[in-house]
Amino acid sequence: QDLFLIGVPFSGGQPRKGVEEGPVRLRKQGLVRKIEKLGYKITDFGEMTVPHIENHNISRERVKNSVECGTVAKKLAQEIAKATQEGKLSLTIGGDHSIAVGSVFGHASVTRNLGLLWVDAHMDINSPATTKTGNIHGMPLSMLIEGIPEFPSLPGYEWCSPCLSPRDIAYIGLRDVEPQERDICKHLGIAAYTIDDVDKDGIGVIIEKALEKINPDGNRPIHVSYDIDSLDPKETPSTGTPVRGGLTLDEGIYIAQIVAQSGCLSGIDVVEFNPAIGTEEEVLKTAQNTMKLIQILLGLESHLKEAPLPPVD
Ligand code: DIR
Ligand code: MN
Ligand code: MN
Ligand code: MN
């Protein structure tokens, strides 16, 4: 199959420098070679040109860097729409999660009946009206879903309008949710599976439930937006907003595996790897685990096969 690969070295959706280095770091770790090994023919866009963010920590705007974020997302949307139209599976490597406004919008704009699986510790559904941080990486879903009340227009996002219904979306991995996000999600009736749900029922049941919600007949194209902070910080320490008690690596991989096996995957984001956070060892571990998720999403049969158990006598 043909795969469209695009790196988005952008950090303006959140306050920590370094997440823009994610794509290049994964390339250094052999991203392209590993994808090719899985049998894909890659159309490699390389890294998108993005506006430079000058003052990460001292921006005083209430919603920060909205023109920059909106401009990046718009450009990404155009590239993803084009690639999708050409029948390619798209893989977007971030960068912070604000870029998913572009990848999901672009994907949905040329795909009928798109379903979205959002794997994240966070709901990312604050709107410009409800955000406390002003960071747009906490808001992408509010721009994509129909029915967010009193949505103020945001400079830079004039091109964007809701393209998914609340029924088209499911979350897995949630554990750092703000009250107003929970309320809006409940009001809209979005399927939201928290870490408590995973602990109670097991990842197998939860991924089945999530896919049943967004893809009951197994015939809808699916976009997966994978925020690596959904995993426990022990597995992916190098990320900007780590939250304890996350998915184990095996649970994270299992999600990827089931989605891959559905045969419905048509667009992927992998976001929030920040190589400037943590020790060199932690960065390496995060890169390796992120790479593993990508490989499994793209159909690598089982991570267990890579490291066979030593024989027992
Ligand atoms: C918080 C954090 N809910 C916000 N969101 C994060 O800024 O709106 N998303 N970290 O990944
Ligand atoms: Mn997150
Ligand atoms: Mn657990
Ligand atoms: Mn996120």
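All values below were derived from every heavy atom in this structure, side-chain atoms included, with hydrogens, water molecules and symmetry-related copies excluded. Numbering of ligands and ligand atoms starts at 1, following listing order.
- Rounding to 10°, one obtains 80° for the angle at the Mn ion (ligand 2) between OD1 (D120) and OD1 (D229).
- Counting protein heavy atoms only, atom 2 (C) of ligand 1 is closest to H122 CD2, 4.0 Å.
- A 4.5 Å side-chain heavy-atom check between I228 and N289 finds every atom pair outside the cut-off.
- Within the coordination shell of the Mn ion (ligand 2), defined by N, O or S atoms under 2.8 Å, H122 is present.
- Set against the non-hydrogen atoms of G138, the atoms of ligand 1 under 4.0 Å away are 8 (O).
- Under the 30°/60° scheme for interplanar angles, the aromatic rings of W118 and H97 are found to lie parallel.
- A donor-acceptor distance shorter than 3.5 angstrom exists from the side chain of R175 to the backbone of S230, with no hydrogens or angles considered.
- Judged by distance alone, with hydrogens and angles left aside, the side-chain atoms of N215 form no donor-acceptor pair with the main-chain N or O of E212 at under 3.5 Å.
- Applying the 4.0 Å criterion to heavy atoms of D227 picks out, from ligand 1, the atoms 11 (O).
- Looking only at heavy atoms of the protein, atom 10 (N) of ligand 1 is closest to T241 OG1, 3.0 Å.
- Between the side chain of Y40 and the backbone N or O of L298, at least one donor-acceptor pair lies under 3.5 Å.
- Among all protein heavy atoms, the one lying closest to atom 1 (C) of ligand 1 is E178 OE2, 3.2 Å.
- Distances from the Mn ion (ligand 4) to each N, O or S atom of H97 single out ND1 as the nearest.
- For atom 7 (O) of ligand 1, the closest heavy atom belonging to the protein is T133 OG1, 2.6 Å.
- A donor-acceptor pair shorter than 3.5 Å can be found between the side chains of H137 and E272.
- Of all protein heavy atoms, the one closest to atom 9 (N) of ligand 1 is D124 OD1, 2.9 Å.
- The number of heavy atoms from other shown groups lying within 6.0 Å of CZ (R167) does not exceed 12.
- Nearest N/O/S atom of D227 with respect to the Mn ion (ligand 2) is recorded as OD2.
- Side chain of D120 to main chain of H122: a donor-acceptor pair is present (N/O by atom type, distance under 3.5 Å, no hydrogens or angles).
- Looking at E272 next to ligand 1, no N or O pair under 3.5 Å apart turns up.
- Side-chain contact annotation: D196 with T194, donor-acceptor N/O pair under 3.5 Å absent.
- Among heteroatoms of the N, O or S kind in D124, OD2 lies nearest the Mn ion (ligand 4).
- The protein heavy atom nearest to atom 8 (O) of ligand 1 is N126 ND2, 2.9 Å.
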